[in-house]
Amino acid sequence: MTNTTTDLTRATAAQLADLLAAGQVSSVEVTQAHLDRTTAVDEQVHAYLHVAGQSALAEAAEIDRRRAAGEPLHRLAGVPIAVKDVMTTVGMPTTCGSKMLEGWIPPYDATVVAQIKAAGLPILGKVNMDEFAMGSSTEHSAYGPTRNPWDLERIPGGSGGGSSAVVASFQAPLATGTDTGGSIRQPAAVTGSVGTKPTYGGVSRYGLVALASSLDQAGPCARTVLDTALLHEVMGGHDPRDSTSIDAPVPAVVEAAQRADIKGMKIGIVKELTGEGYQAGVSARFEESLQLLVDAGAEIVEVSCPNFRYALAAYYLILPSEASSNLAKFDAMRYGLRVPPTGIDHPSAEQVMAASRDAGFGDEVKRRIILGTYALSSGYYDAYYGTAQKVRRLIANDFDRAFETADVLVSPTAPTTAFRLGEQLDDPMAMYLNDVATIPANLAGVPGMSLPSGLADEDGLPTGLQILAPAMQDQSLYSVGAALEAALTDRWGGPLLDRAPDLTAKGA
Amino acid sequence: MTTTVDEVLPYDEALAAFDPVMGLEVHVELGTNTKMFCGCATTFGAEPNTQVCPVCLGLPGALPVVNAMGVESAIRIGLALNCEIATWCRFARKNYFYPDMPKNFQTSQYDEPIAFNGYLDVEVPGEHGEEPWTYRVEIERAHMEEDTGKSLHVGGSTGRIHGAEYSLVDYNRAGIPLIEIVTKPLTGAGERAPQVARAYVAALRDLLKALDVSDVKMEQGSMRCDVNLSLRPKAGEPTSPEQAAVPLGTRSETKNVNSLRSVERAVRFEICRHAAVLSNGGSIVQETRHFHEDTGATTSGRIKSDADDYRYFPEPDLVPVAPSREWVEELRATLPENPAEHRRRLQTEWGYSDLEMRDVLNAGALDLIERTVAAGASAQSARKWWLGEPSRRANTEALELVAYADQVGLTPAYVAELQSMVDAKRLNDKMARQVLEGVLDGEGAPTAVADARGLELVQDDGALEAAVAKVIEGNPDVADKIRDGKVQAAGALIGQVMKEMKGQADAGKARELILSTLGEG
């Protein structure tokens with residue numbers, strides 16, 4: 001008989017939910033299994049910034065007690081989860097991967113966290129990210145990079161590399177993420193996992209430490225499309241504390257993932273998001289996936305979104321602008337790091353602010369604050385922020401037109417497989433280009449998903465396929481994603497992640 | 001720190017050479033129960049940092065939600081100021097660093113104010129023999145924003161940040177809804193500019209009070225005025241086209257002028273200061289200035305230049321405000337009467353002379369009289385009582401009449417009760433004054449005071465008849481005169497009867513009785 005602990009960490013959230021419901025395992029056992037796995041492998045992976053073993057086990061025990069008492073429970077009750085360190089959590093540090101917030105314990109839960117707690121998912125801990133979600137590799141975390149479970153010398157994507165690595169290394173079946181320009185989807189692509197950025201406003205932003213308010217969107221990370229849908233349903237819904245939250249029911253994502261029906265569906269290939277600039281293995285796996293979708297009954301059409309070519313430029317004006325303002329609150333006055341300026345006997349508040357911000361923020365954060373401050377300056381506003389907003393409108397128009405002919409759009413998620421740690425650290429433009437295919441969805445507010453499409457022949461690393469749907473049609477992502485996942489898993493003879501290296505063997 | 005004393009030119013000389021132009025920015029704290037973007041209470045004077053939450057403390061992750069009552073109040077203010085109301089407008093972030101601003105940006109409105117292009121007709125009282133004058137103040141805009149926290153600088157001698165040992169910040173005020181009302185440049189006021197400024201702020205205060213959107217207490221800072229002033233060379237009469245053609249001069253901005261009198265004085269001082277600088281061939285520095293109540297002077301604050309860059313951009317955490325036209329019209333239909341019109345109507349209804357009305361307004365008794373009349377008293381009696389002893393005592397204690405009445409517990413209902421006792425001949429005038437004094441001394445309601453002090457006209461005719469008989473008997477000479485038709489001589493007897501009755505008699509009744517007894521009735 002195989003080791004029970006290994007079995008439980010290998011199970012999907014849906015399978016764990018069934019086992020828990022059937023009384024075959026307890027939440028304490030499931031939670032302990034994942035904590036054991038973390039003890040075994042996270043020294044290598046470094047997904048966690050904070051492991052909350054005690055409270056997770058206490059929450060698990062409480063769920064077990066309630067289940068034994070016959071109380072009605074959420075389907076995912078007792079299934080543990082990891083939370084991205086950008087979401088506020090009562091009683092647990094929330095650092096956003098920054099020295100600026102080292103040791104800060106928020107007095108309130110993010111709405112998403114409150115919903116997760118209400119559904120009864122024990123929180124295993126907080127996972128790593130690029131500082132304030134700025135980056136595509138987690139190398140910009142002030143607490144050291146997270147490593148890709150497929151190759152520990154490579155990046156797990158970013159900013160949500162902790163979320164992707166924690167599920168890909170079987171330390172948690174589920175994780176939350178946030179996606180401002182691809183921070184859920186690109187990490188999913190390079191780690192062979194699944195992640196969804198819901199429609200803007202579909203998940204509350206209350207309690208997410210803001211990067212760029214008009215682009216940020218929280219979403220689910222998991223190893224399967226169904227698990228992603230199950231978590232999406234927990235996280236989604238209207239929140240009166242977020243003015244930009246959509247006042248409508250969560251789309252029927254779980255049902256769509258279960259039906260996986262794409263017969264007669266029109267799937268659009270975005271001309272501008274294929275071809276040149278994409279690694280050969282990424283393109284090859286993408287082409288194969290298209291054929292599988294056709295085999296499953298879909299029709300492929302080509303669409304053009306000519307303004308997508310300006311997306312990156314517009315994004316890198318809007319994001320820094322909003323970020324420069326959002327990050328102004330970190331001033332050492334009320335919480336977080338406070339550093340006295342050197343050589344000044346009686347420093348003014350302004351001098352303390354300056355010294356603290358200098359010491360607390362990393363280079364990438366400073367770079368973007370400077371960019372944004374400049375872009376919003378009087379005399380430059382119209383040329384930069386103003387123009388970027390117009391481009392944003394044009395990109396939304398491109399989506400509208402594309403969705404007249406296609407039900408969903410597809411592209412490779414990222415242009416390459418996971419690059420090596422340090423490879424792009426000194427080349428911000430190369431780093432920014434990782435998000436070229438994911439950014440348009442954030443600018444237009446439409447939902448997107450990434451799921452594994454296979455391994456690139458040249459390096460044996462995971463490749464990802466992105467699906468984009470019209471706003472508030474998130475369920476379409478799950479129909480297509482589940483259908484493709486079924487076909488691919490069939491072809492592979494099992495989940496892609498079964499082919500990932502055995503970290504315990506290596507680490508032993 | 002030494003403060004340089006600015007040179008000033010005498011007012012008359014300043015006005016002979018220059019034409020003043022003003023711009024007034026008034027910040028009004030709305031009286032909503034909760035803050036502009038969160039559910040925290042707004043009670044004044046609470047313990048520091050007890051009315052705060054993640055949103056108004058600017059904690060990471062917190063998000064604002066617009067207070068609907070704040071928007072409604074803003075629209076009502078806009079309508080009362082004859083403004084157009086935006087069909088669609090956004091909040092904007094005004095970015096600058098300051099410890100009392102939790103997010104280091106203020107959520108405000110920039111180029112899309114909720115209300116714009118209005119006016120307020122202001123009655124400038126006649127002084128020094130001038131005729132009263134109606135001046136139209138053009139309103140540029142009224143927009144919504146949030147207040148900042150409050151810094152307390154400890155250890156310095158001035159209470160200002162300079163020289164302080166440390167500062168304490170109270171965030172209770174952070175996020176309280178503010179409406180900022182900005183005038184267009186006010187020209188043509190000439191030498192009456194200071195009075196126009198005062199009259200405008202007073203009229204605005206009355207208007208906001210009538211709208212019931214704010215308690216408009218300047219001394220508590222719930223209404224604050226910034227005075228922008230510039231001078232330009234005089235080219236003719238203040239309202240002449242020649243004068244209007246002269247370009248505006250450089251302005252100074254005097255911040256947080258917190259009483260009507262100070263507004264007037266600040267304008268006057270700045271006119272004299274600017275004039276001195278300009279007359280000496282100098283130029284005005286664009287800067288913020290502080291007004292000092294004790295000296296009536298302003299001193300230099302922060303140099304303000306066009307390089308000040310707040311990096312405004314639309315607040316992405318909030319959705320646009322788009323008030324429907326139906327709602328706006330609904331609000332317009334339920335606006336209270338304009339205070340100036342209200343005053344004119346009351347004067348007609350009450351039959352007050354202009355002089356009487358002016359005294360009532362100066363005494364701050366209008367509202368009290370209105371409520372006293374509503375409680376059943378006649379307009380003349382209500383005026384007589386309020387402008388009498390209560391006004392004298394309020395003056396002595398340097399309190400507004402309303403505040404004084406509040407303090408001692410004198411209500412319009414009490415005044416009406418007092419008058420009804422006079423009307424019912426339970427009290428004569430002199431006794432009524434004593435009863436009023438008792439009320440002011442905190443002895444309770446008029447009836448209670450009258451009972452306690454034993455003040456009541458004797459209604460027993462037998463006692464009065466006996467007293468009359470006794471007085472006639474004791475004054476045969478006077479009685480004879482009356483019998484001979486010298487009716488005015490009765491006065492002497494009435495006085496004695498009243499004395500006999502210890503003042504508790506109806507003098508009119510005593511007179512009737514004396515005359516009828518002596519055959520003159």
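In what follows, chains carry the letters A, B, and so on, assigned in the order in which the sequence lines appear, proteins first and then strands, with residues in each chain numbered from 1.
Taking the side chain as every heavy atom from C-beta outward, Y335(A) and P60(B) approach each other to under 4.5 Å. Looking only at side-chain heavy atoms (C-beta outward), P99(B) and M353(A) come within less than 4.5 Å of each other. Side-chain contact between Y171(B) and R334(A) is present, with heavy atoms from C-beta onward closer than 4.5 Å. Side-chain contact between R311(B) and Y374(A) is absent, with no heavy atoms from C-beta onward closer than 4.5 Å. Looking only at side-chain heavy atoms (C-beta outward), R93(B) and S213(A) come within less than 4.5 Å of each other.
Of the atoms belonging to P106(A), not a single heavy atom falls under 4.5 Å from chain B. Proximity to chain B (any heavy atom under 4.5 Å) is shown, for S377(A), by both the backbone and the side chain. N326(A) touches chain B through backbone and side chain together, each having a heavy atom under 4.5 Å away. Of the two parts of Y312(B), only the backbone, made up of N, CA, C and O, holds a non-hydrogen atom closer than 4.5 Å to a non-hydrogen atom of chain A. Interface remark: N95(B) contributes side-chain atoms only to the contact with chain A (heavy atom separation under 4.5 Å). Proximity to chain B involves both the backbone and the side chain of Y206(A), based on heavy atoms less than 4.5 angstrom apart. In this structure, the portions of T373(A) lying under 4.5 Å from any heavy atom of chain B include both its backbone and its side chain.
A 6.0 Å sphere centred on NZ of K390(A) holds no more than 12 heavy atoms belonging to other residues, nucleotides or ligands. The number of heavy atoms from other shown groups lying within 6.0 Å of CD (Q351(A)) is above 12. Other residues, nucleotides and ligands contribute only 12 or fewer heavy atoms inside 6.0 Å of the OH atom of Y380(A).
The stretch residues 103-114 of chain B places K103(B), N104(B), F105(B) near chain A, each with some heavy atom under 4.5 Å from a heavy atom of that chain.
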Quiz prompt | CA sep, side-chain torsions, deciding dist, call: F313(B), S325(A), side-chain contact (heavy atoms from CB on, under 4.5 Å) | solution = CA-CA 10 Å; F313(B) 72 103; S325(A) 175; 3.6 Å; yes
Exercise. Go through the steps to decide whether M101(B) and D331(A) satisfy the test side-chain contact (heavy atoms from CB on, under 4.5 Å), and finish with yes or no.
Key: CA-CA 10 Å; M101(B) 205 165 52; D331(A) 63 2; over 6 Å; no
Exercise. Take R241(A) and L63(B) through the test side-chain contact (heavy atoms from CB on, under 4.5 Å) and record every step on the way to the result.
Key: CA-CA 7 Å; R241(A) 286 189 295 188; L63(B) 294 173; over 6 Å; no
